[in-house]
Q: 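One structure is given below, represented as structure tokens, and several questions about it will come after.
Quick note: numbers below take in every heavy atom, side chains included, and nothing from hydrogens, waters or symmetry partners. Just follow the structure's listing: the first ligand is 1, and inside any ligand the first atom is 1.
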Amino acid sequence: MVHPEMLVEPVVQELRLPAGIVGPVEVTMDVRCFIVSHPDGLLLIDTGPGSADPIGEALNRAGAGWDDVTDVILTHAHPDHFGGLADVVARSPQAVVWAGARDCPDIPSPEPPRPLAEGDRVRSLQVVEAPGHTAGHICLSFEDRILFVGDALFSDAGALGRAPEAFTADPVQAEESLRKLARLEPERMLFAHGPEIPDPVTALHRLLQDAPEAP
Ligand SMILES: [Zn+2]
């Protein structure tokens, strides 16, 4: 079966973390939602705080509208990923909201998100469980070629990094999930924080070699 080529439109916002959250000084970072086309419309991956307006503008640029949004998938239950959910759902009430089963109870939503588990499909994406950062953190794979990694990894200045330990529920489990993602060998990885980098799997193997020994 041949899929039509999938289109991905990132929606990038600046996120300011006040001093004391990840270090002694204020940190500015980007957070990305993604608009992903599929044969019957569009789906959204993550909805950061204040993302509804920029998502709406990106939909317009693509010649689409909120009516075309069939599904909203949340990679995990952190506010920089679900903070815009209520606004998004108000604009696209037909969209079905999904999240990893173990994170569903922690996501404030007008309708409780529907639970996802390993191997489940939403439209053209397949769920890859990657727990650790949160218990129900998921990644999403398109034909084993493109992997939306959520917060399992981020990129900064062309290098890969692990999500900060301060925000990671179970670092040992998170490391195991990174080894799983490396075995998938996707051609591209799309991060919630930071732009794409070339040859991400090689970069991930390099990161894993630097890992501290698991206790
Ligand atoms: Zn997170």
Side-chain angles (χ1 to χ4, degrees), residues 10-23 26-36 43-52 54-55 72-88 97-109 113 115-118 122 125 127-141 147-157 159-182 186 189-197 200 203-204 207-208 211:
V11 178
V12 186
Q13 291 178 278
E14 287 278 291
L15 183 71
R16 300 177 127 233
L17 300 173
I21 300 222
V22 288
E26 181 184 88
V27 173
T28 308
M29 64 198 301
D30 67 333
V31 59
R32 284 149 200 266
C33 323
F34 295 96
I35 301 171
V36 179
L43 62 82
L44 303 178
I45 299 176
D46 286 342
T47 59
S51 62
I55 289 172
V72 177
I73 311 174
L74 302 170
T75 58
H76 64 293
H78 279 168
D80 54 328
H81 299 256
F82 68 63
L85 182 62
D87 290 339
V88 163
V97 180
W98 306 88
R102 294 193 64 188
D103 276 17
C104 285
D106 300 327
I107 296 172
S109 171
L116 291 170
E118 180 77 17
V122 179
L125 300 180
V127 173
V128 177
E129 291 182 339
H133 182 65
T134 61
H137 184 286
I138 56 170
C139 302
L140 297 154
S141 171
L147 189 67
F148 297 88
V149 299
D151 272 6
L153 290 162
F154 72 95
S155 82
D156 184 31
L160 281 189
R162 296 173 177 83
E165 201 155 308
F167 297 121
T168 292
D170 185 336
V172 174
Q173 195 181 39
E175 198 69 10
E176 186 55 45
S177 289
L178 291 186
R179 286 191 282 272
K180 175 182 177 182
L181 299 186
M189 290 187 188
L190 296 172
F191 312 100
H193 305 287
E196 268 193 88
I197 63 168
L204 178 51
L207 181 76
L208 288 167

Q: Looking at residues at least two apart in the chain, or sitting in another chain, which of them share a ring pair (Phe, Tyr, Trp, His ring centres under 6.0 Å) with Phe34?
A: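 In terms of ring pair (Phe, Tyr, Trp, His ring centres under 6.0 Å), with neighbours along the sequence ignored, Phe34 is linked to Phe148.
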Q: Using a cut-off of 2.8 Å, how many protein N, O or S atoms lie below it in distance from the Zn ion (ligand 1)?
A: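 Near the Zn ion (ligand 1), the number of protein N, O or S atoms below 2.8 Å is 4.
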Q: Quick check: do Ile107 and Leu74 have side-chain heavy atoms less than 4.5 Å from each other?
A: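 SC-SC contact between Ile107 and Leu74 confirmed.
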Q: Among residues at least two apart in sequence or on other chains, which ones pass side-chain contact (heavy atoms from CB on, under 4.5 Å) with Pro195?
A: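 Counting only residues at least two positions away or on another chain, Pro195 forms a side-chain contact (heavy atoms from CB on, under 4.5 Å) with Arg32, Ser155.
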Q: Are the side chains of Thr168 and Asp170 in touch, meaning some heavy atoms are under 4.5 Å apart?
A: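 They are not in side-chain contact.
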Q: Among residues at least two apart in sequence or on other chains, which ones pass side-chain contact (heavy atoms from CB on, under 4.5 Å) with Ala117?
A: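 Testing Ala117 for side-chain contact (heavy atoms from CB on, under 4.5 Å), a comparison that skips the adjacent residues, returns Asp120, Glu129.
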Q: Determine, using ring centers only, whether His137 and His78 are less than 6.0 Å apart.
A: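 Aromatic pair excluded; centres sit 6.0 Å or further apart.
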